[in-house]
Amino acid sequence: MKRKIQSDRKKKDFFDKVYDLTAKIPKGKVTTYGLIAEACGIRSSARTVGWALNGAQESNLPCHRVVNRNGTLTGRVHFGDPNLMEELLRSEGVEFDDDGNVIMQKHLWIPPILERRKKKQKKSRS
DNA sequence: ATCGTGACTGGGA
DNA sequence: ATCCCAGCCACGA
């Protein structure tokens, strides 16, 4: 039943979502692989998001705005120059802490689709 | 087809 | 608090 095609199509859809979502990250904001993965329909598999971005390096996508949940610029080594990622973020107004990580609580951006999904979510913890 | 790796994350010791 | 392990998806050898 062309299930194979569906699978392939699904994969493409996933990658497409990752690209689209990454492109929508506001300037001066960052998001995490896990958030993107969840926004794409899968709660886990944040690794696949990184792989998708790996193929998007040559694209115009602001992949430098994607960091891990810890705010670490884990993908900086893939930007050619290890400092390029941080420089780009700094030039956009993103602040870093003493550990060289992005201040997530200040610059973390959550995909609208997820905000829509959480709806009745209780208020943030203190 | 199997095995290992990776731009990750969450949970357990 | 840190360290280790398992799960997850895609891909190259």
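Sequence lines set the chain letters: A, B, ... in the order given, protein chains first and strands last, and positions in each chain run from 1.
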Output the single nucleotide from [options] whose closest atom is nearest the side chain of [X].
X: A:Trp51; options: B:dA7, B:dT9, C:dC11; result: C:dC11
X: A:Phe15; options: C:dA10, B:dT9, B:dA7; result: C:dA10
X: A:Thr48; options: C:dC9, B:dT9, B:dA7; result: C:dC9

Problem - Any side-chain heavy-atom pair of A:Thr32 and A:Asn68 under 4.5 Å - result: no

Handout entry: Close side-chain approach of A:Val77 to A:Met85, heavy-atom, < 4.5 Å
Key = no

Handout entry: Closest approach of A:Thr31 to A:Trp109 (non-hydrogen atoms, all atoms of both residues)
Key = OG1-O, 3.0 Å

How long is the line joining [atom1] of [X] and [atom2] of [N], in whole Å?
X: A:Phe14; N: C:dC9; atom1: CZ; atom2: P; value: 10 Å
X: A:Asp81; N: B:dA7; atom1: CG; atom2: P; value: 17 Å
X: A:Leu114; N: B:dT9; atom1: CG; atom2: P; value: 14 Å
X: A:Leu88; N: B:dA7; atom1: CG; atom2: P; value: 19 Å
X: A:Asn70; N: C:dC3; atom1: CG; atom2: C1'; value: 14 Å
X: A:Ile42; N: B:dG10; atom1: CD1; atom2: P; value: 14 Å
X: A:Glu38; N: B:dG10; atom1: CD; atom2: C1'; value: 13 Å
X: A:Asn54; N: B:dT5; atom1: CG; atom2: C1'; value: 12 Å

Practice task
Mind checking A:Asn68 for me? I need base, sugar-phosphate or nothing, with any heavy atom below 4.0 Å counting as a touch.
Solution key: sugar-phosphate

Practice task
Look at all strands and tell whether A:Gln57 reaches a base, only sugar-phosphate, or nothing, counting heavy atoms closer than 4.0 Å.
Solution key: base

Exercise for the section: Using the P atoms only, state how far C:dC5 lies from B:dG4, rounded to an integer number of Å. Expected result: 16 Å

Handout entry: Flag if over 12 foreign heavy atoms under 6.0 Å of CZ, A:Arg43
Key = no

Handout entry: Residue-phosphate contact under 4.0 Å: A:Arg69 side-chain N/O, B:dG10 OP1/OP2
Key = yes

Problem - Stepwise side-chain hydrogen bond (donor to acceptor under 3.5 Å, both in side chains) check, A:Glu92 with A:His64 - result: CA-CA 11 Å; A:Glu92 294 183 352; A:His64 58 274; 3.0 Å; yes

